[in-house]
Structure formats: C-alpha cells, structure tokens
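First listed ligand is number 1; within each ligand, the first listed atom is number 1. Note that the coordinates shown come from a computational prediction; the quantities given were computed from them, not determined experimentally.
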Amino acid sequence: MVNVGVLGATGMVGQRFIEMLENHPEFELTTLAASSRSAGKPYSEAANWYLDSEMPESVRDIEVVETDPSSVGDVEILFSALPADIARKVEPRFAEKYIVASNASAMRMEPDVPLVIPEVNPEFLDLIELQQKKRGWDGFIVTNPNCSTIALTLTLKPIYDNYSIRRVYVSTMQAVSGAGYSGVPSMAILDNLVPFIGGEEEKMETETLHLLGELDEGVVKPAGFGVSASCHRVPVVDGHTEAVFIELEDEFELKDVREAMETFQGLPQKLGLYSAPEKPVVVMDEENRPQPRMDRDRDGGMAVTVGRLREDAAFENSLRYVLVGHNTIRGAAGASILNAELIKEIIL
Ligand SMILES: NC(=O)C1=CN([C@@H]2O[C@H](COP(=O)(O)OP(=O)(O)OC[C@H]3O[C@@H](n4cnc5c(N)ncnc54)[C@H](OP(=O)(O)O)[C@@H]3O)[C@@H](O)[C@H]2O)C=CC1
Ligand SMILES: N[C@@H](CC(=O)OP(=O)(O)O)C(=O)O
C-alpha cells in the first residue's frame with residue numbers, strides 16, 4: 001500500500017477523491033489538507049459532505065491539516081484538488097519531496113509537466129525525468145486535463161489514430177458541480193442557461209491538441225488540426241454533455257468510426273489498472289441517449305458515453321455525435337487517481 005493524501009480535501013473534487021480512495025487496493029488515504037479555515041478540525045466537522053454516498057467512516061476523525069509540505073507527514077502521493085491560484089503557489093513546494101497528481105489547471109501547460117490521460121498519451125510521463133532534473137525536485141507533478149477536455153479527447157483519440165482530422169467543433173452543456181459547491185448561484189442557473197464559463201473554451205482548444213500531440217526529444221508538439229469550442233453551463237448537477245462535429249480530410253465509413261470507438265483501449269486496460277473502465281468509450285444506438293442523469297455513472301463514472309453518432313451531410317467527410325462524461329469522476333478525481341495508478345505501475 002502507498003500512503004496518499006488529498007489537498008483541497010473538503011471541496012467538491014476533494015470529496016470525490018475521498019469517495020474513490022475508500023477501499024482502494026493500492027492507496028491508503030492517511031492525510032487530508034485544506035485551508036486554514038478547516039485545519040485543526042476533524043474532517044467530519046470541517047467538510048460539508050455534498051455527495052450522495054455517506055462520508056466514509058475512515059475519514060471522519062482524521063484531523064485536517066494545513067496545506068503545507070511540513071504538515072502532511074508520511075505520504076508518497078498527494079492528490080491535488082486545490083483552486084488553480086493556490087495550486088500554482090503550493091504544488092511546486094510539495095513536488096520538492098512528494099509526487100503530486102494534480103487536477104488543477106495551474107501547471108498543466110508547463111513544458112516539463114506531463115498532462116496525461118492514461119489511455120491517450122501515457123508516454124508523456126517521460127517528461128518526469130526532465131522535470132526533476134531541471135527543477136532539482138525529488139518528487140514531481142503530473143496533471144490531468146480539464147473535465148470537458150478529457151471526455152472530448154477520449155472520444156477523439158480512436159478517430160485521430162485512424163483518420164486525418166481537419167477540424168473539430170464542440171459545444172458543451174456543463175454541470176453546475178464543475179464550478180464547485182458555491183460556484184453558480186441557484187438564481188443564476190435554475191430555469192436558465194449561462195453561455196459562458198471563464199477560460200473553458202481556451203482550455204479545451206489547447207489541451208486537446210496538446211494531449212493528441214507528440215513528445216519529441218522532451219518537447220510536446222501539439223496535433224495539427226483546429227478545435228473550436230463553445231461552453232455553456234446548464235442546470236444539471238453532475239455530468240458534462242458535449243455536441244461534437246468533426247470534419248475529416250478523407251472519406252470514411254460510419255461503421256468503421258463506431259468500431260474504432262467501441263474497441264478503443266489503452267495502457268490502463270492492458271495493465272488492468274484498478275480504476276480503468278473496461279471500455280473507455282461506450283457507443284449507444286438509442287436515439288435519445290446519452291443523457292447525463294442516465295449515463296454519467298457508466299463504469300463507475302470512468303467511461304464516456306457516445307450516442308447519436310451520424311454522418312453530417314451538410315459538409316464533406318463530416319460526422320457528429322453527442323457525448324456524456326462524469327465531470328468530477330472521469331473529469332477530475334478519477335482522472336488523477338488513474339494517473340497515479342499508472343505511475344505506481346510503471347515508475348514507482
Ligand atoms: N469540479 C469539477 O468538475 C472540476 C474541478 N476541477 C478543479 O479542481 C480544483 C478544485 O475544484 P472544486 O473541488 O470544485 O473546488 P471547491 O471550491 O469545492 O474546493 C476547494 C478546496 O480547496 C481548499 N482551499 C481553498 N482555498 C485554500 C487555500 N488558500 N489554501 C488551502 N486550501 C484551500 C478548500 O478548503 P476549505 O474548505 O478549507 O476552504 C477546498 O478544500 C480546482 O482547481 C478546479 O478548477 C477540475 C476539473 C473538474
Ligand atoms: N471549468 C470546469 C471545471 C474546472 O474546474 O476545470 P479546470 O480544472 O480546467 O479549471 C467546469 O466548470 O465545469
């Protein structure tokens with residue numbers, strides 16, 4: 001067992017980490033850190049538990065500590081669910097000694113920090129050696145992408161491996177949990193939709209190409225097609241829905257695209273990692289699926305569901321589909337945990 005901790009343990013994503021780490025066969029959750037507002041209190045007092053599951057008994061009495069490397073004690077891996085501005089300041093300090101598996105956006109685009117989806121670009125973990133050498137750290141930082149980006153990129157990967165993509169348009173319908181517990185006031189979202197999520201479109205457009213890019217002599221060369229995103233907040237609690245429109249360079253058969261998605265597997269499936277879904281992408285044929293309430297929890301929330309896969313007759317060589325991915329599981333805590341499982345398997 002590897003001792004692990006969670007930074008930002010009282011928040012929306014921190015709670016998902018705790019839920020997913022309960023009974024994990026390789027990780028023992030021993031440390032919970034949050035702000036000075038929470039430090040010194042037992043977790044059950046510090047946290048307002050938002051999830052449908054019960055707060056695990058095993059964490060109720062753990063005393064929350066300050067988010068400082070001197071407070072976290074005997075752990076090897078720290079999962080970070082910190083706000084990005086705090087993460088930028090503290091994650092590098094933790095990485096001097098610990099492995100930081102971060103879900104925050106702060107360090108994702110640093111040239112020597114791997115931004116990884118284990119099924120898509122596990123080879124980016126090679127950057128760790130460079131990062132440690134350059135920064136003189138004994139630990140390191142590994143990041144996972146933005147929640148909307150992860151779901152999109154998992155579905156693009158099998159297409160990208162088999163076809164030449166010219167451009168991708170994506171329009172998202174994102175759950176309120178993506179903004180944190182107090183992120184979107186109920187008066188703003190009930191009976192409504194908000195057509196703006198700060199920084200989200202830029203993240204989807206850059207991170208997707210980075211993830212599908214190539215690592216060449218320690219430098220990531222992004223994939224060379226266009227991604228255009230429009231992001232919207234909708235009154236759904238969990239589960240991001242995305243309408244995806246893809247133009248390919250060449251002709252294609254829809255059944256071949258479907259087959260490529262359905263049979264897609266990556267290193268986590270080959271290695272049998274604990275949190276890896278059997279099928280990262282599941283394709284449904286029902287005309288009214290996927291839907292967030294029904295499909296977000298597929299394979300423990302780790303699989304992305306695709307539906308309405310069809311040709312787009314309005315443009316040459318074009319197809320479209322709708323996807324649903326769980327934003328705080330596959331899009332956040334589950335993504336960091338899968339990264340850590342891969343690191344444990346191939347690096348530790
Ligand atoms: N929600 C989602 O779907 C996704 C979120 N993310 C990212 O994950 C991160 C966490 O998001 P989320 O859980 O929604 O955020 P929340 O606001 O729900 O939680 C924030 C957490 O950070 C702690 N914190 C706040 N300020 C400080 C501080 N100054 N020092 C130490 N700890 C602090 C809080 O502790 P306290 O309770 O003590 O204030 C709390 O534990 C963010 O970077 C977010 O962008 C990424 C992908 C998806
Ligand atoms: N912005 C996302 C969640 C998030 O926090 O993303 P990021 O980790 O890229 O900041 C949402 O609102 O649904």
Side-chain angles (χ1 to χ4, degrees), residues 5-19 32-41 43 45-51 59 63-69 71-72 78-91 93-94 100-109 115 117 143-153 172-184 189 194-208 210-211 229 231-234 236-242 292 296 301 325-336:
V6 176
L7 310 177
T10 50
M12 205 86 232
V13 175
Q15 297 187 14
R16 281 286 180 207
F17 273 117
I18 289 171
E19 185 184 60
L32 301 172
S35 77
S36 47
R37 292 180 287 277
S38 306
K41 297 181 187 163
Y43 186 76
E45 244 178 63
N48 225 336
W49 191 254
Y50 313 124
L51 305 182
V59 297
E63 185 180 315
V64 177
V65 296
E66 293 278 357
T67 303
D68 188 274
S71 310
V72 295
L78 286 160
F79 294 103
S80 169
L82 289 167
D85 54 334
I86 311 293
R88 176 160 289 285
K89 286 185 214 141
V90 306
E91 286 179 0
R93 292 183 51 227
F94 281 100
V100 180
S102 176
N103 177 61
S105 59
M107 305 293 285
R108 283 181 197 149
M109 298 307 287
L115 173 66
I117 301 174
T143 59
N144 59 259
N146 165 274
C147 42
S148 302
T149 307
I150 294 182
L152 174 67
T153 308
T172 69
M173 289 143 272
Q174 298 185 211
V176 290
S177 60
Y181 185 73
S182 50
V184 186
I189 197 70
V194 181
F196 175 71
I197 301 174
E200 194 79 356
E201 292 165 0
E202 293 80 358
K203 280 185 254 186
M204 287 194 81
E205 290 167 3
T206 52
E207 290 179 15
T208 304
H210 188 92
L211 290 154
C231 295
H232 318 96
R233 187 77 66 198
V234 296
V236 165
V237 174
D238 285 320
H240 287 355
T241 304
E242 305 179 23
R296 61 192 170 204
H326 199 302
N327 54 304
T328 61
I329 300 180
R330 185 68 213 217
S336 292

Tell me: protein heavy atom nearest [atom], and distance?
{"atom": "atom 4 (C) of ligand 1", "value": "Val13 CG2, 3.7 Å"}
{"atom": "atom 7 (P) of ligand 2", "value": "Lys203 NZ, 3.3 Å"}
{"atom": "atom 7 (C) of ligand 1", "value": "Asn103 ND2, 3.4 Å"}
{"atom": "atom 33 (C) of ligand 1", "value": "Ser35 CB, 3.7 Å"}
{"atom": "atom 23 (C) of ligand 1", "value": "Gly8 CA, 4.0 Å"}
{"atom": "atom 12 (O) of ligand 2", "value": "Arg233 NH2, 2.5 Å"}
{"atom": "atom 4 (C) of ligand 2", "value": "Gly178 O, 4.0 Å"}
{"atom": "atom 37 (O) of ligand 1", "value": "Thr10 OG1, 2.5 Å"}
{"atom": "atom 47 (C) of ligand 1", "value": "Gly331 O, 3.6 Å"}
{"atom": "atom 1 (N) of ligand 1", "value": "Ser177 O, 3.0 Å"}
{"atom": "atom 26 (N) of ligand 1", "value": "Arg37 NH2, 3.6 Å"}

[Y] and [X], any side-chain heavy atoms less than 4.5 Å apart:
{"X": "Cys147", "Y": "Glu200", "value": "yes"}
{"X": "Leu7", "Y": "Phe94", "value": "yes"}
{"X": "Glu207", "Y": "Leu115", "value": "yes"}
{"X": "Val72", "Y": "Leu78", "value": "yes"}
{"X": "Ile329", "Y": "Arg16", "value": "yes"}
{"X": "Leu32", "Y": "Ile18", "value": "yes"}
{"X": "Thr172", "Y": "His240", "value": "no"}
{"X": "Thr328", "Y": "Asp238", "value": "yes"}

By number and element, which atoms of ligand 1 are closer than 4.0 Å to a non-hydrogen atom of [X]?
{"X": "Ala9", "result": "41 (O)"}
{"X": "Ala84", "result": "43 (O)"}
{"X": "Ala332", "result": "47 (C), 48 (C)"}
{"X": "Ala34", "result": "31 (C), 32 (N), 35 (O), 38 (O)"}
{"X": "Thr328", "result": "1 (N), 2 (C), 3 (O)"}
{"X": "Thr67", "result": "31 (C), 32 (N)"}
{"X": "Ser38", "result": "36 (P), 37 (O), 38 (O)"}
{"X": "Gly180", "result": "14 (O)"}

key: Residue part near ligand 1, for Ile86, under 4.0 Å between non-hydrogen atoms   = side chain
request  = Would you kindly specify which portion of Leu82 sits under 4.0 Å from ligand 1, judged on non-hydrogen atoms: side chain, backbone, both or neither?
outcome  =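 Contact part for Leu82 vs ligand 1: both backbone and side chain.
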inquiry  = Checking Arg108 against Asn146 for the side chain to side chain contact (heavy atoms under 4.5 Å, CB included) test, could you report, in this order, the C-alpha distance in whole Å, the side-chain angles of both residues, the deciding distance, and whether it holds?
reply    = CA-CA 9 Å; Arg108 283 181 197 149; Asn146 165 274; 3.5 Å; yes
Using distance alone, determine whether [X] and ligand 1 share an N or O pair under 3.5 Å.
{"X": "Ala104", "result": "no"}
{"X": "Ser105", "result": "no"}
{"X": "Ala179", "result": "no"}
{"X": "Met12", "result": "yes"}

Considering only heavy atoms of [X], which atoms of ligand 2 have at least one such atom less than 4.0 Å away?
{"X": "Gln174", "result": "11 (C), 12 (O), 13 (O)"}
{"X": "Asn146", "result": "6 (O), 7 (P), 9 (O)"}
{"X": "Arg108", "result": "7 (P), 8 (O), 9 (O)"}
{"X": "Glu200", "result": "1 (N), 2 (C), 11 (C)"}

Is [atom] near the protein, in the sense that some protein heavy atom lies at less than 4.0 Å from it?
{"atom": "atom 9 (C) of ligand 1", "result": "yes"}
{"atom": "atom 19 (O) of ligand 1", "result": "yes"}
{"atom": "atom 15 (O) of ligand 1", "result": "no"}

Closest contact, heavy atoms only, [X] versus [Y]:
{"X": "Met12", "Y": "Tyr181", "answer": "SD-N, 3.5 Å"}
{"X": "Pro195", "Y": "His232", "answer": "CA-CD2, 3.8 Å"}
{"X": "Arg93", "Y": "Pro69", "answer": "NH2-CD, 3.5 Å"}
{"X": "Asn327", "Y": "Ala175", "answer": "OD1-CB, 4.0 Å"}
{"X": "Phe17", "Y": "Ser80", "answer": "CE1-O, 4.2 Å"}
{"X": "Ala34", "Y": "Thr67", "answer": "O-OG1, 2.7 Å"}

key: Region of Ala84 engaging ligand 2 - heavy atom pairs below 4.0 Å   =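 Ala84 to ligand 2: no contact under 4.0 Å from either part.
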query = Any idea which part of Asn103 is under 4.0 Å from ligand 2, heavy-atom wise: side chain, backbone, both or neither?
reply = backbone
query = If you measure every N/O of Ala175 against every N/O of ligand 2, is any gap under 3.5 Å?
reply =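 No; the residue has no nitrogen or oxygen that sits under 3.5 Å from a nitrogen or oxygen of the ligand.
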ask   = Checking side chain to side chain contact (heavy atoms under 4.5 Å, CB included) for the pair Lys41/Glu63: CA distance, chi angles, key distance, verdict?
value = CA-CA 5 Å; Lys41 297 181 187 163; Glu63 185 180 315; over 6 Å; no
request  = Give a yes/no on ligand 2: does Thr149 have at least one heavy atom closer than 4.0 angstrom to it?
outcome  =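 Distance cut 4.0 Å: Thr149 fails for ligand 2.
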message = Rounded at 0.5 Å granularity, tell me how far CZ in Arg330 sits from CD1 in Ile150.
response =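 With rounding to 0.5 Å, CZ (Arg330) is 6.5 Å from CD1 (Ile150).
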ask   = OG/Ser102 to CG/Asn144 distance, rounded to the nearest 0.5 angstrom?
value =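 Output value for this atom pair is 7.0 Å.
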key: Test item: Gln15 side-chain N/O and Asn48 main-chain N/O as donor-acceptor pair under 3.5 Å   = yes
task = Without swapping roles, check the side chain of Thr149 against the backbone of Pro145 for a donor-acceptor pair under 3.5 Å.
result =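 Pair absent, no side-chain N/O of Thr149 close to backbone of Pro145.
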